[in-house]
Amino acid sequence: MEASYIRRTKDGRIHIKSGSKGDQVVRWTLLILLVLTVVGFLLFNYTGLDLGSAIAETAYNLKVMFFEPTLSHFNLGEAVYQVGITLGLAFLATIIGAIIAFFLSLMAATNLAPAWVSRIVRIFVAVIRAVPTVLWVLIFAIAAGLGSEAAVLGMLFHSIAYLVKAFSEAFEEVDKGIFEALQSTGANWWHIVRSGVLPTTITYLLSWVFLRFEINFGVAVAMGAAAGAGGIGFELFMASGFYFDLREVGFITYAILIIAFLLEVTSTRLKRRYFPATSD
């Protein structure tokens, strides 16, 4: 909401300055973050730090990592296989999560479910979203043991909570006139969902699923090391933490960046071709 500030100048004229509370919050937030950053750098312990040597060694490591990438402990075929495992983990968590989230979001949307049901579901998924994916993976690792099962369950839990919020908000944007028209014909609740809600929101639902798959790929890379789920993330962890092979780290990093770029390009093209309303 816009706010106006009225101030009378020395010559008697009235000066009106417009602004918004949101702008003030952003300015103060940036100022506080800047101050905290400066204070943090001032409080660092710089004892024994040779800044010149540190910069030179860092530059050399980056040069070796990104200008001399190579594989040392596994071949290209194995690298492709490990990337496939990572993509499989992300795909599995996304697809199962989207199916479960669809039905939960029908109960979370205020225009499709009773208020008390919607409130319970929203609180439940809000609690799940508040816990980072890594913690969910570690929680399931205690129950199911380290491996792909814990990684998939952790990503699945967070994907469900993420997609329930996105799907339910899309459902709530459906025009009330559609509901009234279908109800006037005697349509039941499921017929309204199938004939009124889904055709209107399907493009947005699939767009959110694409986005979540991209997020889950990045999470699956991290979980390959944190949960022992395998995949290219585990190989990156081994190359950096055990072999200290900067060249292999560089190669794996390039592979991850290429896959992430291809996913983004594919997602964008699919949206523009099949869902032009969501790509504007």
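Small disclaimer: the values here were computed from a predicted structure and weren't measured.
The CD atom of Glu173 lies 8.0 Å from the CD atom of Glu169; values are rounded to the nearest 0.5 Å. Atom CE of Met65 sits about 10.0 Å away from atom CG of Asp245, to the nearest 0.5 Å. Of the inter-residue distances, the one linking Leu33 atom CG with Trp28 atom CH2 reads 13.0 Å to the nearest 0.5 angstrom. Distance check: Ser240 OG to Glu235 CD gives 11.0 Å after rounding to the nearest 0.5 Å. Summarising the geometry, atom CG belonging to Leu87 is positioned 12.5 Å from atom CG belonging to Leu92; distances are rounded to the nearest 0.5 Å. Note that the CG atom of Leu89 and the CE atom of Met155 stand 5.0 Å from one another [nearest 0.5 Å].
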ring-ring contact (aromatic ring centres under 6.0 Å, His included) between Phe210 and Phe213, intermediate numbers included: CA-CA 5 Å; Phe210 288 151; Phe213 178 65; 8.6 Å; no
Using the rule given for side-chain contact (heavy atoms from CB on, under 4.5 Å), can you reason through Phe244 versus Val249, listing the C-alpha separation, both sets of side-chain angles and the distance that settles it, and then say yes or no? CA-CA 8 Å; Phe244 303 105; Val249 170; over 6 Å; no
Taking it one step at a time, do Glu57 and Ser53 satisfy side-chain hydrogen bond (donor to acceptor under 3.5 Å, both in side chains)? CA-CA 6 Å; Glu57 291 178 5; Ser53 176; 3.3 Å; yes
Would you check, one step at a time, whether the test side-chain hydrogen bond (donor to acceptor under 3.5 Å, both in side chains) holds for Thr94 with Arg212? CA-CA 7 Å; Thr94 303; Arg212 186 63 205 188; 6.0 Å; no
side-chain contact (heavy atoms from CB on, under 4.5 Å) assessment of Met238 paired with His73: CA-CA 10 Å; Met238 294 296 292; His73 300 88; over 6 Å; no
Trace of the side-chain contact (heavy atoms from CB on, under 4.5 Å) decision for Trp136 with Leu153: CA-CA 8 Å; Trp136 280 119; Leu153 287 173; over 6 Å; no
Go through it in stages, so that I can follow the logic: the residues are Met107 and Val164, the test is side-chain contact (heavy atoms from CB on, under 4.5 Å), and I'd like the CA-CA distance, side-chain angles, deciding distance and then a yes or no. CA-CA 9 Å; Met107 295 186 287; Val164 165; over 6 Å; no
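Nearest heavy-atom pair across Ala109 and Ser118 is C-OG, 4.2 Å. Closest approach of Ala93 and Val152 over heavy atoms only: CB-O, 4.1 Å. The two residues Ala170 and Leu205 come nearest to each other via the heavy atoms CB-CD2, 4.3 Å. Contact between Ile252 and Ala239 at its shortest, heavy atoms only, is CD1-CB, 4.3 Å. Taking both residues in full, the closest heavy atoms of His158 and Ile128 are given as CD2-O, 3.9 Å, listed atom of the first, atom of the second, then distance. Shortest non-hydrogen contact noted between Ala151 and Met223 is CB-CB, 4.1 Å.
Judged by distance alone, with hydrogens and angles left aside, the side-chain atoms of Glu248 form a donor-acceptor pair with the main-chain N or O of Ser72 at under 3.5 Å. Panel note: side chain Ser105, backbone Phe102; a donor-acceptor pair is recorded below 3.5 Å. With Asn61 contributing its side chain and Leu246 its backbone, the two residues share no donor-acceptor pair below 3.5 Å.
The hydrophobic cluster containing Ile258 does not contain Ile232, counting ILVMFWY residues as joined when their side-chain heavy atoms lie under 4.5 angstrom apart, directly or transitively. With hydrophobic clusters built from ILVMFWY side chains whose heavy atoms lie under 4.5 angstrom apart, Val131 shares a cluster with Val137. Taking hydrophobic clusters as Ile, Leu, Val, Met, Phe, Trp and Tyr residues chained together by side-chain heavy-atom distances below 4.5 Å, Ile95 shares a cluster with Phe167. Following chains of ILVMFWY side-chain contacts shorter than 4.5 Å, one can reach Trp116 starting from Leu104, so the two form part of one hydrophobic cluster. Residues Val221 and Val80 fall into different hydrophobic clusters, defined by Ile, Leu, Val, Met, Phe, Trp and Tyr side chains chained together at heavy-atom separations under 4.5 Å.
Between Phe103 and Trp190, the ring planes are parallel. Angles under 30° get that label, and only those over 60° would be called perpendicular. Ring geometry for Trp208 against Tyr162 counts as perpendicular: the plane angle is over 60°, on a 0 to 90° scale with 30° as the lower cut. Under the 30°/60° scheme for interplanar angles, the aromatic rings of Phe237 and Phe234 are found to be tilted.
Aromatic rings from Phe140 and Phe157 are positioned such that their centres are separated by under 6.0 Å. Annotation: Phe251 is not in aromatic contact with Tyr254 [ring centroid separation under 6.0 Å not met].
A salt bridge between Glu172 and Arg122 is present, with a side-chain N of the basic residue lying under 4.0 Å from a carboxylate O of the acidic one.
Arg247 has its side chain within reach of Val64: a pair of non-hydrogen atoms, C-beta onward, lies under 4.5 Å apart.
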